[in-house]
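Every value quoted in this text rests on a predicted model; they were computed, and no experiment measured them. Heavy-atom basis, side chains included; hydrogens, waters and symmetry copies ignored.
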Amino acid sequence: MEKYKVGVIGGTGMVGQRFITLMENHPWFQLTVIAASPRSAGKTYEEAVGVRWAMDTPIPEEARAMVVMDAEADVEKIAAQVDFVFSAVDMKKEEIKALEERYAKCECPVVSNNSAHRWTDDVPMVVPELNPEHLAVIPFQRKRLGTKRGFIAVKSNCSIQSYVPALSPLRSFGITDILACTYQAISGAGKTFETWPEMVDNVIPYIGGEEEKSEQEPLKVWGKVENGVIVKAETPNITAQCLRVPVSNGHTAAVFVRFAQKPTMEEMKEIWANFKGRAQELDLPTAPKQFLHYFEEDNRPQARLDRDLEGGMTVSIGRLRPDTQYDYKFVCLSHNTLRGAAGGAVLLAELLCAEGYIERR
């Protein structure tokens, strides 16, 4: 199969680095362009990223000598060389929105890890297993942008990817109220313990903007496409508290849930065990075989032991039990830079290609 030519915009940051590693030996995608800020442009990728390389594996050989392009100045040149781009740029929100639209208007589809377009009502925010039907909004977005090929699709916030997948298949029981407390790894802030020594032996009870995202983004994921836009769901009620914890990778969530029609614990576990989404139906390259994995052990899931399950693309669940205030409580875990960031975006791109939304030039 001829591979899709791929660009990574914002390739020197932590999520950009993760994209670069995920392109190595990908069966469908070929890394063709790396772009970043003007200070990196013109250097080889190895020179540009230098000591900031934060992945556990070395820089892929195919990327080392690639000359970095300017993500803003070279939009037309980049768009002409690739079939689509991944966006992981570190800029102000309005600047990101404008830049991603420029790529789309150059007939270059954009699969974004950024939050800038998550609330644009004709931009699908898709977890491939949960709401693939939202891709139907893309023709309406193209009409607004005046494009034939170009569009923007985004993945959701990394923290909601830890617990929303576990709740989604239970919505038939009428979820009314959710309380989620997330314990988020430092890589979510683009940091390591070397670059953020203050996080060792520490917990910070605030992550800017995270609680609002955690309370609102699930409602868009659970919304419906109506009249060319995505209308968010009005229920359930969600309240969240988000803490930064001294963990390198892996966001954990403590979840409390109330139902209109309360299922049994056995029913919930059976639903989780049997749940498959569109990504599994299509057997996409990075889709986990078992999307939701329930651990019966009292002390699982653990970030260190379980975050890399099925290439870091599985959502782990454990400690399901009755609660005194809500119906049930349980714990979830997902790898925040894989399932929650670059990996989730790669899976979304695979879905877009499989469903015909991204075609080769």
Next item on the list: Return yes if a side-chain donor-acceptor contact under 3.5 Å exists between S156 and E217, otherwise no.
Entry: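 There is no such pair between these side chains.
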Note to self: Pairing donors with acceptors under 3.5 angstrom, does anything connect the side chains of S334 and Q161?
What the structure shows: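 There is no such pair (donor and acceptor under 3.5 Å, judged by atom type) between the side chains of S334 and Q161.
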Can you tell me if [X] has over 12 outside heavy atoms packed within less than 6.0 Å of its [atom1]?
{"X": "D90", "atom1": "CG", "value": "no"}
{"X": "Q30", "atom1": "CD", "value": "yes"}
{"X": "D56", "atom1": "CG", "value": "no"}
{"X": "D298", "atom1": "CG", "value": "no"}
{"X": "R171", "atom1": "CZ", "value": "yes"}
{"X": "R118", "atom1": "CZ", "value": "yes"}
{"X": "E234", "atom1": "CD", "value": "no"}

For the pair [X] (side chain) and [Y] (backbone), establish whether a donor and an acceptor sit closer than 3.5 Å, ignoring hydrogens and angles.
{"X": "S187", "Y": "S248", "value": "yes"}
{"X": "R361", "Y": "V82", "value": "yes"}
{"X": "Q280", "Y": "G277", "value": "yes"}
{"X": "E24", "Y": "P60", "value": "no"}
{"X": "K329", "Y": "Q325", "value": "no"}
{"X": "Y328", "Y": "P263", "value": "yes"}
{"X": "R18", "Y": "L338", "value": "no"}
{"X": "Y45", "Y": "I20", "value": "no"}
{"X": "R102", "Y": "E72", "value": "yes"}
{"X": "D327", "Y": "F259", "value": "yes"}

Between [atom1] of [X] and [atom2] of [Y], what distance do you get to the nearest 0.5 Å?
{"X": "I175", "Y": "N237", "atom1": "CD1", "atom2": "CG", "answer": "11.5 Å"}
{"X": "E101", "Y": "I152", "atom1": "CD", "atom2": "CD1", "answer": "5.0 Å"}
{"X": "T235", "Y": "L219", "atom1": "OG1", "atom2": "CG", "answer": "8.0 Å"}

Note to self: So which atom in G16 and which in V8 form the shortest heavy-atom distance, rounded to 0.1 Å?
What the structure shows: O-CG1, 4.1 Å
Assign the ring pair [X] / [Y] to parallel, tilted or perpendicular, where the plane angle (0 to 90°) is split at 30° and 60°.
{"X": "F86", "Y": "F19", "answer": "parallel"}
{"X": "F29", "Y": "H26", "answer": "parallel"}
{"X": "F256", "Y": "Y326", "answer": "tilted"}

Salt bridge or not for [X] and [Y], using N-O below 4.0 Å?
{"X": "R142", "Y": "D122", "result": "no"}
{"X": "R64", "Y": "E61", "result": "yes"}
{"X": "R339", "Y": "E129", "result": "yes"}
{"X": "E281", "Y": "R278", "result": "yes"}
{"X": "E359", "Y": "K148", "result": "no"}
{"X": "K269", "Y": "E296", "result": "yes"}

Margin query: For Y4, does the six-membered ring have the charged nitrogen or CZ of R360 within the cation-pi criterion, i.e. under 6.0 angstrom from the centroid and within 45° of the normal?
Written below: yes
